[in-house]
Amino acid sequence: MAQRAVWLISHEPGSPLCGTVRFSRRYPTVEKRAKVFNGASYVPVPEDGPFLKALLFELRLLRDDKDFSESRDSCSHINKTSIYALPIGGEELWPVVAFMKNGMIYACVPLVEQTLSPRPPLISISGISQGFELLFGIQGFLYSGQKNDSELNTKLSQLPDLLLQACPFGTLLDANLQNSLDSINFASVTHPQKQPTWKAGTYKGKPQVSISITEKVKSMQYDKQDIADTWQVIGVVTCKVPVPPILGFYQVKEEEVQLKITVNLKLHESVKNSFEFCEARIPFYNRGPVTHVEYKVSFGQLEVFREKSLLIWNIGQKFPKSMEISLSGTVTFGAKSHEKQPFDQICIGGTAYLKLHFRILDYTLTGCYADQHSVQVFASGKPKISTYRKLISSDYYIWNSKAPAPVTYGSLSLFSTDNASPSCVHAKRTTLPSIHHCLLSSLPAKHALFCATYTNCRKHPEMYGTH
Amino acid sequence: MGPTSRETWAQRLGTFRASPSTFMAGPEGEDLGRHLLSDLRSEKLSEPTKVSLLALSLEYPAQLWPDAPAAEVAATSLLDTLVLLPPRPSALRRPLLLAATTALAAGGALGPTSRASRRLLPLLLGLASGRDLGRSFGPASEQRPLQATAWECLRELESCKPGLLGGCLGLLRGLLGQEAAVQPLSLLLALALRNALVIQARARAGLQGLLVAGDCPTEGGPWNWMLAEEGDAHLQPQAPSWPAAEEGECCLATLELSPEEARELRAAVAQLLDISYLLTPVAQAQLLWLLGWALRGLRGQPPVLFKPQLVRLLGTAQLTLLHAVLALKAAFGEALFTAQDEALLLRRLILAAQHPALPLPAHLFYLHCLLNFPENWPLGPAGEEAAPLLLGSQLCRGLLPSLLHDPMALLARLHLLCLLCVEDEEKEEKGQDQSPRQYLEELLAGLRQRAALDGGPRALATLCFQASYLVARCLAGQPVVLTPLTHGLAQLYRARPALAPHFVDLLDRVGPELGEPLKVVLRQEVVSRPGRDEALRWHLQMLARVADGDAQSATLGFLQAAAARCTDWGLQQALLQVCRALLRAGVGGGLADLLQALARQLEDPDGRDHARLYYILLAHLEEPKLGVALGPSLAAPALASSLVAENQGFAAALMVQEAPAPIRLSMGPHRAKGPVPVLQLQVEVLEQVYSLELRFRVERQLYAPLGAVHVPCLCPGRPTRPLLLPLQPRRPAPARLAVRALYTTPSGLTCHAHLPPLLVNFADLFLPFPQPPEGAELGFFEELWDSCLPKGTESRLWCPVGPHGLEALVSRHLEPFVVVAQPPTSYLIAIRLPPDSRLLLRLEAAQADGVPVALRTDDWAVLPLVGDYLRGLSAAG
C-alpha cells in the first residue's frame with residue numbers, strides 16, 4: 001500500500017509541450033518492491049519528460065482534435081475511472097491515477113503488490129484509494145485560500161517538505177497536508193504535549209470542535225405533463241420528505257431576433273424565508289450578444305451581462321409576503337461571433353434553462369441538526385463545541401417548458417416512489433410521501449480535526465477522535 | 001576539489017531532474033554521488049541547500065549509488081554526517097535518517113553483513129522508543145519529530161525486508177501500551193506481526209513467544225536477523241490484493257498456534273484495533289488491510305475482532321476507509337458481514353458515487369466498486385463486472401446517466417444502466433411506465449443529437465460512439481435495443497457525414513449483431529443520396545468500409561455518378577478505395593466497366609494508373625487470388641504515388657518469385673517438314689504447375705525472336721505431348737536457346753525459373769525441297785546444282801561410312817532430303833537451309849569404307865558446318 005511516484009503538471013494549451021511538470025517525487029524503496037512484486041510485468045516509472053507526454057496524450061490534452069485519431073477517439077477506448085494505462089517506450093505503465101482540476105493535473109502511480117499480467121481489478125489494489133487521497137490532499141492544500149499564481153508557486157515550493165512529512169516513503173500518513181504544514185511550523189515548540197503523535201507538531205489555541213451540517217438540494221423542473229420534476233437532497237439523516245424550496249416555471253418564445261421570456265418563482269411556505277443570497281441566472285447560449293432587454297420584475301433587480309449573453313435576477317434575502325415573484329421581458333440579440341459568446345451542447349434551439357443559486361443559513365430542508373450537548377469527545381481537554389446548519393442549492397434547474405429538455409434521472413414514473421428510499425429523496429410534484437428514512441452521508445470535513453460518523457443525527461452523533 | 005557553491009548545486013540539480021539519464025551520461029554524472037556526500041559536510045553550504053541535496057538522494061539513490069557496496073558507503077557517510085551534527089536544532093536530522101534508510105533499502109545493502117545496517121537499526125530503534133541517546137542527538141524539541149521519523153524508517157525497512165523486526169514484537173507491544181507515537185507504532189507492529197505470522201507459517205513453526213519477547217538490541221549489540229533471513233526470499237504484499245485474486249497463496253492455515261499464543265495474538269490485534277480511532281483515516285485503512293490479511297485463513301481466529309470497528313466504519317465517508325471495509329468484506333464475507341451490513345454498504349456506495357461534496361474521480365471509483373462489489377453470495381462468474389443482486393433499479397435511480405454528466409461519469413453510469421437493462425430483460429416485461437431500456441434509448445438519442453451538431457467538438461462525437469459501442473457490447477443479445485440504435489446511427493450519419501471515420505471505427509470494433517445491420521443501413525444511406533460535394537469524401541470513405549457484394553448496381557451507379565466529381569487526387573484515391581473493396585468482395589462485370597472508364601477519364605495520372613492496375617487485376621486474376629492480392633484494407637497512401645503504397649501482401653502476392661525449375665526440357669526427334677524448322681521439345685514434369693509460359697531467347701540473335709509457348713496445366717506422372725517450337729533462322733547456323741519458365745503454383749503464387757539452355761544443331765534446321773514431279777527428279781537436282789555457282793562454292797570431301805554401309809547412313813540421317821536414289825551406291829540430296837540457302841550433296845560410287853562427297857551450296861559460310869556435319873555422321877553411325 002504505497003505510491004511509486006507522484007506528479008503535478010500544469011496544463012498549458014498554447015505551449016509546445018502543452019504542459020510543464022511543476023512537481024514530481026519518486027519513491028525508490030517502493031520502486032524496488034514493485035520490481036519484485038510485478039516480476040516480468042514490471043514497468044519502471046519513467047522520467048518526467050516521457051511521462052508528461054504520455055499522460056497529456058492519454059488525457060486528450062496534447063493536440064487539437066480536428067482529425068480523427070484512432071488511439072484517442074476510438075469507440076473502444078473507454079475510460080470509466082480516472083485510472084489510465086500509459087504507453088511508454090513500448091510498454092504500458094499501469095495503473096496511473098490522474099485527474100485534472102483547475103488546469104493542474106494530479107497524477108501518481110500506486111504500487112500493485114502482485115503481478116500485473118493479467119491486470120487485477122482496481123478494487124483489489126489498496127494503493128488506488130490511497131493515491132486518490134494523496135492527490136486530493138495535495139489539491140486541497142494547493143487551493144485552500146489560494147487566489148493567484150504567486151500564492152500557488154509558494155504552495156508548490158512547500159510541497160517537498162510537506163510530503164517529506166506526510167508521505168516520507170511513499171506510504172501516505174495523513175491526507176490532510178495542512179496538518180503536516182502545522183507540524184513543520186510548530187516543530188520548535190519546546191515541551192511536548194499530550195496529543196495524537198501522528199501529528200508531530202502541536203496546535204496552539206483553544207481546542208474546538210465544530211459540526212456543520214450542509215444539505216445540498218438539486219432540482220430539475222420542467223413544467224410539463226409528461227415529465228415529472230425531480231429534486232434530490234443529499235446530506236440528510238432522518239427527515240420528512242421535503243418539498244422543493246422554490247417551485248417555478250420558465251417559458252421562452254422565439255420571435256424573429258427576439259426572445260420573449262416569462263419566469264415565475266414561488267417559495268414554499270414551509271421554507272425559512274431568510275436567504276444569505278438568492279439569485280436566478282438566465283443564460284442564453286449559442287446566440288450573439290444581448291443588444292437590448294425590455295423587462296418587468298415584480299421583485300428584485302435584473303442585471304444584464306451583454307457580452308456573456310446572461311441575465312442575473314437578483315432576488316435578495318427575502319421573498320415578498322405573497323411568496324411569489326415573476327419576471328417577463330424580451331431579449332434582443334446581435335450577430336453571433338464564435339469567439340465570445342458561450343457555446344453549449346445542450347441548449348440548442350429552444351432548449352434553455354434558468355439556474356437558481358441560493359443559500360439559507362441555520363436551516364435544513366430535512367430538519368436535520370446536530371445536538372451540541374450530545375457530542376462526546378474521547379480525548380483530554382474540553383474542546384468548545386459548536387454546530388452549524390445550512391442549505392445550499394446545487395444544480396437547481398428550471399427548464400423552458402416550451403421546448404424539449406434533457407431528462408436527467410428519467411422521469412420519476414420510471415421508478416415508483418418508494419417510502420423506504422434509503423439514500424436520497426425524490427418526489428413527484430403531485431404525490432408527496434410523508435416520511436423517509438435517509439442515510440446521512442458524512443461529508444468529508446475539510447478543516448475538522450476529527451472524524452465523525454453518524455448513524456442517526458436526531459440521536460447522538462458519536463465522536464471517536466479529536467485532539 | 002572544494003565544495004560547490006549553492007548556485008552551482010541549484011543549477012546542477014535542475015539539470016539532473018530534467019533528465020537524470022542524460023545527466024548521468026554526461027561528464028558530471030560519475031562523481032555526483034560522491035560530491036553530494038562530501039558537500040553535505042561542507043560548512044559553506046546552507047541547510048536548505050543541503051536539504052535539497054538530501055531530497056535528491058531520497059529520490060534517485062539508484063542513480064547516485066548504483067550498486068550495493070556504493071550504497072553501503074553512502075549510508076555510512078550519511079550516518080557519519082548525522083553523528084557529526086552540532087547539538088543545536090537542525091533541519092538535517094530527519095532527512096539524513098530518511099536518506100540513510102533509503103540508501104540501504106533501495107541499494108540492496110541492508111543485511112547482517114552491512115556495517116551501516118548494524119549502526120542504523122539500533123539507532124532507529126533507540127530514537128523511536130525514546131531512549132536517551134545523549135546530547136549528540138539534538139535538542140529535546142526535535143525528539144518528537146525524530147521519533148516519528150525513526151518509526152517510519154523502521155517500517156520501511158521491515159517492508160523491504162520482512163521479518164527484520166520480528167524479534168522486537170514484544171518490545172513494540174509494550175511501547176504501544178505506553179504513551180508513545182500511536183500511529184507509526186501501530187502500523188509497524190501490525191506489519192511486523194503479519195510478516196512474522198507469514199514467515200513462521202511457511203517454516204511451519206509457531207510464534208515461539210515472539211509476541212512476549214523482551215528487550216531489543218542497542219547500538220553495537222547483535223541484531224536478530226533470523227526471521228528476516230527466512231523471510232528474505234518471499235517479499236510479502238503489505239496490503240495484498242483481493243483474496244479471490246490470490247487464492248491458495250495464503251499459507252496461514254498451516255500455522256499451528258498454541259492456545260497461549262492464540263490468546264496473545266488476539267490480544268495484540270484487539271489492542272491495535274481498539275486504539276485505531278486515533279489514527280488518521282488513511283493510516284486506519286492501512287491497518288485494516290494489514291490485519292485483515294493477517295487474520296484471514298488463520299485457524300481459530302474469528303474475524304469477530306473487527307466487529308466493534310465496523311459499527312463506526314460502515315458509515316465512513318473516507319475513500320480509503322470505505323475501500324478497506326470492502327477489502328474486509330472480500331476477505332471474510334458473511335463471517336463478518338450480515339446481509340443487512342451488505343445492503344448498508346451498497347447504499348453507502350450508491351450515495352458516495354453521486355454525492356456532490358465528493359470529487360468526480362471519487363464518484364467514478366465508487367461506481368467501479370459497485371460494479372465489482374464483493375457480495376456474500378455472488379451469482380455471476382467471478383471477475384466480471386455486474387450489478388450486485390441487492391442493487392435494484394430502485395436504488396440506482398440517482399446513478400442513471402444524463403447528458404449533463406462529464407463523459408467518464410456518463411460512460412460509467414451508462415454501463416450500470418446497461419446492466420440494469422440486462423436484468424430488466426431477464427425479468428418479465430412489466431409493461432408499465434417507462435423501462436430502463438426506453439430511458440437508455442432517449443439518452444442515446446440525446447447523445448446522437450449532440451454529436452450531430454455541425455462544428456461541435458470531436459469529444460462529443462467520440463462520446464456518442466463510445467456509448468454506442470458500450471451498449472452494443474453489453475446488450476448484444478437484445479435486438480430490441482440494437483434496432484433503434486442502428487437506425488439512430490444511420491440518421492446521425494445522414495445529418496453529419498463528416499463522422500464517417502467514427503462509423504468506420506465503430507464497425508471495426510462491434511460484433512456482427514450491430515455491425516451487420518448497421519453496414520446495410522449505412523450503405524443504403526450513402527448510395528441512395530448522392531450527397532453534397534463536401535460530403536463526397538466521407539461518403540466514399542464510408543462506402544469503402546460498407547460496400548460488399550450486395551446492392552451492386554446501386555453502389556456502382558453511385559460511383560459512376562461520383563467519378564465525375566472526383567476532381568482532386570484525394571477524392572480519386574477515395575473512389576479507388578471503394579473499387580478496391582468491391583474487387584475484394586468479388587464484384588465483377590459492372591466494376592470492370594467502371595474501372596476502364598476511370599482509367600481513361602481520371603485527371604490524375606496516378607489515379608488512372610491505379611484504376612488500370614485494378615482493371616488488369618480484375619481481368620486477369622481469379623477471385624480467390626484477388627482476395628489474396630488485395631489483402632486487408634489499405635492505409636491511406638502517403639507517398640506521392642498511391643501505386644507504390646499498395647501494401648505488402650499485395651506485393652508479395654503479385655510479384656513474380658524466383659523458384660527452382662519445375663520441369664525439364666529436352667530435344668525430341670527432328671521433323672523435317674513444313675515451311676520452317678520446328679523443334680519438338682520433350683517435357684518432364686517435376687512439380688504441378690498452372691499457366692506455364694516458356695520464354696526462349698536466342699543467343700547472338702541468330703534466329704528471329706521466338707514466341708512463347710503456353711501450357712495450361714502440367715502434372716507430374718501424367719503423359720505430356722511434345723511442345724513444338726518453330727524457328728525463324730536469320731542465318732543457317734546452330735544456336736543456343738536460353739529458356740525461362742513462368743507459371744502459377746497451386747497456392748496461387750506466380751513464379752519464374754531458369755531452365756538449362758537448349759542447343760539447336762545445324763541439322764535441326766534442314767528442310768526438304770518440295771517434291772518434284774515424278775521423272776523430273778534428276779533434272780530438278782541438276783538445275784539446283786547448277787544454280788549454286790557462280791555465287792556459291794563447290795567442295796569435295798571423303799565421308800567415312802560405318803559398318804552398315806551408305807544405305808543405312810542415308811536412311812537414318814538424310815532420308816527426307818533424297819531427290820534421286822540409286823541404292824546402295826549413289827544418292828543425290830538437296831537440303832533447304834532457311835532462311836534462303838541450299839545445300840546439295842552428290843554421294844556417288846561408294847566404296848566399302850566410305851563415300852566421296854561432292855557438295856555445292858550457295859552460301860559459302862555453311863561449308864565448315866557441312867564438313868563437321870558429315871564427319872559427325874560417320875561417328876554417329
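So that the names make sense, note that chain A is the first sequence line, chain B the second, and so on, each numbered from 1.
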Can you say whether [X] sits under 4.5 Å from chain B via the side chain, the backbone, both, or neither, judging by heavy atoms?
{"X": "A/Y27", "result": "neither"}
{"X": "A/T81", "result": "both"}
{"X": "A/P28", "result": "both"}
{"X": "A/D48", "result": "side chain"}

Discussion item. Apply side-chain contact (heavy atoms from CB on, under 4.5 Å) to residues A/F169 and B/L98 and explain how you reach the verdict.
Written reply: CA-CA 8 Å; A/F169 285 111; B/L98 296 172; 3.4 Å; yes
Practice prompt. Please state whether the side chain, the backbone, both or neither of B/L360 comes within less than 4.5 Å of a heavy atom of chain A.
Written response: neither
Worksheet item: Do any N or O atoms from the side chain of B/E156 and from the backbone of A/T171 form a donor-acceptor pair under 3.5 angstrom?
Response: no
Item to complete: Mind running side-chain contact (heavy atoms from CB on, under 4.5 Å) on B/F465 and A/S74 for me, showing each step along the way?
Response: CA-CA 8 Å; B/F465 283 91; A/S74 173; over 6 Å; no
Discussion item. Looking at every non-hydrogen atom in both residues, tell me the closest pair between B/C160 and A/R33 and how far apart they are.
Written reply: SG-NH1, 3.5 Å
Fill in: Pick from A/E31, A/E70, A/K101 with the largest number of heavy-atom pairs that fall under 4.5 Å of chain B
A/E70
Interface residue of largest heavy-atom contact number with chain A, from [options], under 4.5 Å:
{"options": "B/C464, B/P89, B/G107, B/C153", "answer": "B/C153"}
{"options": "B/T102, B/L322, B/L460, B/L414", "answer": "B/L460"}
{"options": "B/P359, B/A283, B/G446, B/G456", "answer": "B/P359"}

[X] side, atom [atom1]; [Y] side, atom [atom2] - distance, nearest 0.5 Å:
{"X": "B/L326", "Y": "A/S129", "atom1": "CG", "atom2": "OG", "result": "9.5 Å"}
{"X": "B/Q63", "Y": "A/R26", "atom1": "CD", "atom2": "CZ", "result": "8.5 Å"}
{"X": "A/H77", "Y": "B/D505", "atom1": "NE2", "atom2": "CG", "result": "11.5 Å"}
{"X": "A/I128", "Y": "B/H368", "atom1": "CD1", "atom2": "NE2", "result": "8.0 Å"}
{"X": "B/N372", "Y": "A/I123", "atom1": "CG", "atom2": "CD1", "result": "5.5 Å"}
{"X": "A/S76", "Y": "B/R509", "atom1": "OG", "atom2": "CZ", "result": "4.0 Å"}

Worksheet item: Quick one: do the B/T320 and A/Q130 side chains pair a donor with an acceptor below 3.5 Å?
Response: no
Discussion item. According to salt bridge (Lys or Arg N to Asp or Glu O under 4.0 Å), who are the partners of B/E152, at least two apart in sequence or on a separate chain?
Written reply: B/R155
Worksheet item: Got a sec, which residues hit salt bridge (Lys or Arg N to Asp or Glu O under 4.0 Å) with A/E47, two or more places apart in sequence or on another chain?
Response: none
Worksheet item: A/K80 and B/M408: side-chain contact (heavy atoms from CB on, under 4.5 Å), yes or no, with the steps?
Response: CA-CA 5 Å; A/K80 295 183 291 174; B/M408 281 203 285; over 6 Å; no
Worksheet item: Stepwise, does the side-chain contact (heavy atoms from CB on, under 4.5 Å) test hold for A/T351 with B/Q449?
Response: CA-CA 13 Å; A/T351 302; B/Q449 200 183 4; over 6 Å; no
